Each structure stands twice: as structure tokens, then as C-alpha cells.
Protein chains: 2
Amino acid sequence: MSDEKYKMIVAVDIVLFTIKENDLKVLLIKRLHDPFKEMWAIPGGRVEQNESLKAAAERELSEEVNVKVDYLEQLYTFGEPQRDPRGRVISVVYYALVSSDNIKPMAGSDAKEFRWHSMFKLPKLAFDHKEILDYALQRLRYKLGYTTVGFELLQEKFTLTELQKMYETILDKQLDKRNFRKKIFSLDIVNPTLDSRMEGPHRPAKLYTFKKKYLTFSSDIV
Amino acid sequence: MSDEKYKMIVAVDIVLFTIKENDLKVLLIKRLHDPFKEMWAIPGGRVEQNESLKAAAERELSEEVNVKVDYLEQLYTFGEPQRDPRGRVISVVYYALVSSDNIKPMAGSDAKEFRWHSMFKLPKLAFDHKEILDYALQRLRYKLGYTTVGFELLQEKFTLTELQKMYETILDKQLDKRNFRKKIFSLDIVNPTLDSRMEGPHRPAKLYTFKKKYLTFSSDIV
DNA sequence: CCAAAAGTGTTAGTGATACACCCATGT
DNA sequence: ACATGGGTGTATCACTAACACTTTTGG
């Protein structure tokens, strides 16, 4: 069934998002060799013969980045004939969300240079990876509107201000504090805890956890 | 860069929708050979070495089905290792919308048996194509809510009742006539024409055309 | 007592829903 | 004149958006 005139490589690439320092970050790897030497790229690699696409994405994240993600969803498949100058590469791209406290110090790094970059201040990117990141951000923004995926970016316990900041950061717009809280409570997706967090000379904030029972909503969250 | 231990085939498959007889139809091909002999499948085929994925989908539609579609969008990539018993096939699936009056009598058929099937009364399907169709319907329903893709299923001139029936058919629920018209007019997406259509012993219906200027909306259509 | 972020309600406006009758036509 | 689908408006309800002050704490 295979045929010598077809030389195609099937790869997975992963857009890994997190929230750090009130900013939306994406994990990039600096390329050490041509093509696109010295430019930044999203992690990825070839799909093995007997693994599913999603398993390949998880394996690459584990091997290359040493991260186990909380959320992983197929984004889009990029397959323009000339997107990789070395040959035909069909890249099935996933995007992943991870809480910033689930990030270990990237031991499996193979001496590669990794870095979290702000999605709003990206360096020069290899291949068509700029297009991929733009599309991933767009998808993430859409999904924030009618699902609770955003919670995967937060720690297990979070304050309502952190929750709101997460939405504001990703959507890149300000939200009204009172309306936001009203909406979150009316959706019944958070549980108050008995804990609170002190963070300076002011009233401590209550900590909440996420009720996982709902993932999508008929009405909008934000 | 290629390697003998990787034997993967990259294919495109297409879910082709139309509206006929107030029903949502999908084009299926009867398989003449094993595996899944006698079962129905969606059209598709191998991606050529130097064509884009979308071009491959268009070529398959043109060659296999002799249809030029009005709307074509990538749906999802299916790549479970065992989805095709003959070997590893990564299938990039597109879905397409065509107006029922753009369907020519399928000359390029190569003696294959084609048929439009109701999405609500599907026969036994080959491979994972049932899963693909379910997902395509879900996507189409979502997209109807905030885009005007549904208009691609109608003829150039249409009545408001036809438009409403299209939404009702796909969403599989009844809509209120007055509210539906109010909403369509408020969105400013149709132009009245001077024509009207007679269809029996009753008042003739005005014909409208679609204003293509908007494709997506911030508020919902239905 | 001061600075800083946490927390809390009301009002006005906008959009969604529910609902019933007259109109234009062919037979 | 009647049967058939085409076409129209209003009232209620729910949700969204705008807006400012009090509370709790550490220093």
C-alpha cells in the first residue's frame, strides 16, 4: 500500500501555554541547526508507527520538555508542501494548558535551550510557527468563552482575582470585577475553601477550587 | 530524513453536506472491496506529494464526485494506529457545503456507487467514519450559531422559510417564525430581491440573496 | 491611621422568548 | 369561498453593562 513516490513525514507539534507573572506564556525551543538556526520553534517531533497522535504529543512533551499537561486538544493540521524546506512534513498541532506550578525544571532538555515567551512579545519563529501560535491563541480565546478550559492554567486553589486576571490576560481586555464574580457564581463552577491567601498589607483573598462537573456551557462565561 | 521504519499514509477525506428535500444529506460511496466491503464511506484519497491538504480535498471532490464546493473547511485529523486494518493512515478530514443546485450528475464516478444519505438515517459505515460524521455534524451546528456558513447550502435566491427550514433541519429543532425573521433582519445579512416564488395555492414568498460582507458574528444567529 | 487589594448591589438597557392573526394566491 | 403557506408586532423576562463604596489587613 505504501509507495516510493510518497515521502511524507507525519509530525506533532505542541503549543504549550501557561500563565506566569500575569502574562500568557508559550514554551519555545531555540533551534541549534539549520534550517532556521537560532530561531525559536514550538516543541514537536515525529509520530511513531504505533502511537496515536495524542500519545505522540504527550510523549514529546514528556521527552522534550518533561511536562505532564492538564489539558491537551488537537488544534489544526498544517501541511503546506513547502512549509519545511527539508521535505514534506504534515504537522498535526496540539495545544496544551498547564498550571504554572506543575512545571518542573525541564530535566529532559538534552542541552536544548527552552524558554517561556510572552504571547504578546514573540521572537522570530521558525517554519510557519507564527501562524500556528496566532491560531492557537485564537482558539484559546474562543474556548474561554464557552468552556472552563482556562481553569487548567491556574493552581488547584486560586483567588477570584487570579481567575479574573487569567481571563483578562488571555482576552487582552479588562473585565468588571463585580460582574465577573456575579457570573462565575451564577455558573456554579467554583467551591469556596476555608483557606485564604495573604499577599501584602491588605485584606486576604478567599481561595476557591474548581468544580469539574461542567466543561462547556450554553451561555457565555465572559 | 525519511526512514523505512515509518510507513504512514496521509489521506484526506471529505464530509460533503447538502440540503435536499428539507433534510440534511451527506454524500457516501459504497465500498466495492474489502476491508468493509459493501459498507458506505465518505469520499477521500491520498494526498499527492506536492499539493496542499486543501487542494487534495478539492481534487478528490472533483475527481471522485465531480463537485465544486462552495465551502470547505478542515475538520479534524484522525490518526488512531488501527483505524485502517491495511496500515497506518493519517486522515485529515475536511467538511464541505454545497448548494443542492450546484450538484452535477457525478460523471467522474468510475462506476462507483454514490448516494446522498440523510444524516439522521445513516447506513453502516466503514472505518471510523461514523465518528467522523458525528463530529462533522457537531461542528456544523456550532458554526451555524455564530457564522453564516449555512447560506452556502442554499441556492442563490431563497425564501425566508427555506432559510429557517435549513436551520431547523440541521439543528433538529423548531424555531419561531417571527423571532427568526426579526433576528435575520437585525443582523443585516440578506438583501430582498424584486422576485418572488410561487409554490402552490397561497401567497408567493419573497426571494432574498445573501450579503456576503459578514461571515462571523459576536452575537448568536440562532 | 494609611495604603492596598478584597469584597459587595442596584439600576438601566438590550436582547430573547412567547404568542395569534391577517394576507395573497390558486383552485 | 376555502385552503395554504407568507408575512407581521407587542409584552414579558432574563441577562448584560455600568457604576462606587466599605472591609480587612500589615506596616
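Every value quoted in this text rests on a predicted model; they were computed, and no experiment measured them.
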Search all heavy atoms of A:F217 against all heavy atoms of A:L187 and return the closest pair with its distance. CD2-CD2, 3.9 Å
May I have the distance from A:K165 (atom NZ) to C:dG7 (atom P), rounded to whole angstrom? 13 Å
Polar side-chain contact B:K183-C:dT17 base: donor and acceptor under 3.5 Å: no
Side chains of B:Y95 and B:E73: any donor to acceptor distance under 3.5 Å? yes
Taking the nucleotide of DNA chain C with the nearest heavy atom to each, does A:P201 or A:L160 sit closer to the 5' end? A:P201
Is A:K182 side chain donor-acceptor paired with the C:dT10 base, going by distance under 3.5 Å alone? yes
A:S91 and its side-chain hydrogen bond (donor to acceptor under 3.5 Å, both in side chains) partner, picked from A:D128, A:D84, A:D13: A:D13
Could you tell me whether the phosphate oxygens of D:dG6, OP1 or OP2, come under 4.0 Å of any side-chain nitrogen or oxygen in B:T161? yes
I'd like to know if A:R178 reaches the base of D:dA17 with its side chain such that a donor and an acceptor end up less than 3.5 angstrom apart. no
Comparing B:M198 with B:D220, nearest DNA chain C nucleotide closer to 5' gives the residue B:D220
Rounded off to whole Å, could you give me the NZ-to-P distance for the B:K206 and D:dG7 pair? 6 Å
Take the protein atom CZ of B:R203 and the nucleotide atom P of D:dG6, then report the distance between them rounded to whole Å. 10 Å
Rounded to the Å, how far apart are B:Q164 CD and D:dT8 P? 13 Å
From CG of B:L175 over to P of C:dA16, roughly how many Å is that when rounded to an integer? 13 Å
Whichever of A:P204 and A:D176 has the more 5' nearest nucleotide on DNA chain D, that residue is A:D176
Quick check: closest heavy atoms across B:F210 and B:I189, and the distance to 0.1 Å? CD1-O, 3.3 Å
Expressed in angstrom and rounded to an integer, what is the separation of B:L187 atom CG from C:dG15 atom C1'? 12 Å
Let's test your reading of the model: under 3.5 Å, does the base of C:dG7 pair with the side chain of A:K177 as donor and acceptor? yes
Would you mind reading off the distance between A:R181 atom CZ and D:dT16 atom P, rounded to a whole angstrom? 18 Å
How far apart are the C-alpha atoms of A:Y76 and B:T77, what are their side-chain angles, what is the distance that settles it, and do they pass the side-chain contact (heavy atoms from CB on, under 4.5 Å) test? CA-CA 8 Å; A:Y76 197 80; B:T77 298; over 6 Å; no
Could you state the CG-C1' distance from B:N179 to C:dA18, rounded to the nearest angstrom? 7 Å
